[in-house]
Amino acid sequence: MNVSLRQLRAFLAVADQRHFRRAAESLHLTQPAVSRLVADLESELDVRLFDRSTREVVPTEAGRYLEQALARVLDELDGVLAHARTQADPLRGRVRLAAVPTLAAGLVPPCIAWCARHHPALDIILRDQNQAQVLDAVRGGEVDFGLTVEPATVEEFDTETLMQDPFVVVSPPDHAFATRRTVPWAALADQPLVLLDHASGSRRLIDAAFAKANIPMRVVLEVGHPHTAFRMVEAGLGITVTPRLSLDALRSGLVTAPLTPRRGRAVTLVRRRARSLSPPAQTVWEAFRDIALTRT
């Protein structure tokens, strides 16, 4: 069956107007063109759709059924096409992203706030997840892109590094580190450490920094979120090593110091390899790039 959208719209116009000339005017077509479209549709369906006379055009029973059914279908189609058009607008549409907790708290809020001010028609949906979950969501197409620590393997992703986020040490105010402007990694030897667990992208980098300097680690607690680690440090259970951006969740009372030599993580935008972003997602991706420059 070879039925065109133009034929269906011509049929609906005639059924609505009960007149070929008025239907043609509503469609900005000539009357012969509309007559031909309706005749071709009748021929394709092998059914008469209108009873015609010199005074009126009245849908047949088949025409009335088709009119009722098509009105719903074409309304839905118009809605689908309108939504598709919005996806081509870089300043309008829905963007889904996932971010690791330390970045969801530190870098994501100013970016979403900037987009809300400058591009209010963008609808941004955030998933706050650990590193492995963010990468799975990107890999599976559940989100447009992710904000994370540079993956250990990048072969299946397209990535863009936004900034380097150095590690710092966080200690209670009565700790020996509290009065130091910087703390060498070597000074952390045998200190009681409260660290994020291995679901965090930062943990493998922290472990690697200790291993590279041949510094023994004494991990007393592993937690899932920097906020929890800070509360454990407040309780006197140890100190923590964390990325600087995670300090947005730090409450007053704890003391921070940069670690030397400087080591950190690469804050990275991640998307599926060889998959283009929608125009609105590209807008948000570029907004993250600009916000990261100001934080750097």
Side-chain angles (χ1 to χ4, degrees), residues 98-109 126-137 146-153 163-268 270 295:
V100 298
T102 52
L103 298 174
L107 195 58
V108 174
L126 171 66
R127 295 170 60 167
D128 181 359
Q129 299 176 312
N130 65 41
Q131 173 92 352
Q133 292 170 327
V134 170
L135 296 180
D136 283 344
L147 182 65
T148 184
V149 180
E150 184 177 4
T153 57
M163 59 188 297
Q164 295 294 324
D165 186 20
F167 291 119
V168 299
V169 61
V170 180
S171 60
D174 58 353
H175 194 278
F177 292 164
T179 59
R180 303 182 68 162
R181 294 176 61 86
T182 61
V183 175
W185 285 89
L188 303 182
D190 295 322
Q191 288 282 338
L193 297 172
V194 179
L195 298 179
L196 295 180
D197 59 32
H198 286 87
S200 161
S202 297
R203 177 59 188 273
R204 66 179 173 84
L205 301 174
I206 293 171
D207 288 356
F210 275 89
K212 185 173 182 178
N214 198 27
I215 302 168
M217 297 177 68
R218 183 159 72 92
V219 181
V220 297
L221 277 174
E222 292 184 330
V223 297
H225 196 282
H227 183 85
T228 307
F230 297 153
R231 301 295 79 80
M232 297 300 178
V233 174
E234 284 181 345
L237 297 175
I239 61 174
T240 189
V241 175
T242 189
R244 186 171 60 190
L245 282 175
S246 70
L247 298 182
D248 288 344
L250 189 68
R251 293 200 302 225
S252 60
L254 298 181
V255 181
T256 69
L259 285 162
T260 56
R262 179 186 172 110
R263 301 192 189 282
R265 61 179 183 172
V267 177
T268 305
V270 178
R295 296 297 294 262

Which pair of non-hydrogen atoms, one from [X] and one from [Y], has the smallest distance, and what is that distance?
| X | Y | answer |
| --- | --- | --- |
| P258 | R181 | CD-O, 3.2 Å |
| F230 | L254 | O-CD1, 3.6 Å |
| L126 | A99 | CD1-CB, 4.0 Å |
| V220 | P192 | CG1-CB, 3.8 Å |
| A178 | P172 | CB-O, 3.7 Å |
| R180 | A187 | NH1-CB, 4.4 Å |

(request) Return yes if some donor-acceptor pair links the side-chain N/O of T268 with the main-chain N/O of A266 below 3.5 Å, else return no. (result)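 Flag set: sc T268 to bb A266 pair under 3.5 Å.
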(request) Kindly say whether P243 contributes a backbone atom to a donor-acceptor pair with the side chain of D165 at under 3.5 angstrom? (result) no
(request) Report the C-alpha distance between D207 and M217 in whole Å, list the side-chain angles of each, state the deciding distance to 0.1 Å, and finish with yes or no for side chain to side chain contact (heavy atoms under 4.5 Å, CB included). (result) CA-CA 8 Å; D207 288 356; M217 297 177 68; 3.2 Å; yes
Side-chain touch [X]/[Y], heavy atoms, less than 4.5 angstrom:
| X | Y | result |
| --- | --- | --- |
| F210 | V219 | no |
| L245 | R265 | yes |
| L196 | N130 | no |
| L195 | R203 | yes |
| I239 | V194 | no |

(request) Go through the steps to decide whether W185 and K212 satisfy the test side chain to side chain contact (heavy atoms under 4.5 Å, CB included), and finish with yes or no. (result) CA-CA 10 Å; W185 285 89; K212 185 173 182 178; over 6 Å; no
(request) Tell me, please, which residues at least two apart from D128 pass salt bridge (Lys or Arg N to Asp or Glu O under 4.0 Å). (result)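 Salt bridge (Lys or Arg N to Asp or Glu O under 4.0 Å) check on D128 returns nothing, list empty.
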(request) Go through the steps to decide whether R127 and Q133 satisfy the test side chain to side chain contact (heavy atoms under 4.5 Å, CB included), and finish with yes or no. (result) CA-CA 10 Å; R127 295 170 60 167; Q133 292 170 327; over 6 Å; no
(request) Using side-chain contact (heavy atoms from CB on, under 4.5 Å) as the criterion, point out the one residue from I206, L188, T182, V168 that pairs with L259. (result) L188
Distance, nearest 0.5 Å, that separates [atom1] of [X] from [atom2] of [Y]:
| X | Y | atom1 | atom2 | result |
| --- | --- | --- | --- | --- |
| Q131 | L103 | CD | CG | 9.0 Å |
| Q164 | E150 | CD | CD | 8.0 Å |
| T240 | R231 | OG1 | CZ | 11.5 Å |

(request) Please work out which of the three classes, parallel, tilted or perpendicular, describes the rings of H227 and H225, given edges at 30° and 60°. (result) perpendicular
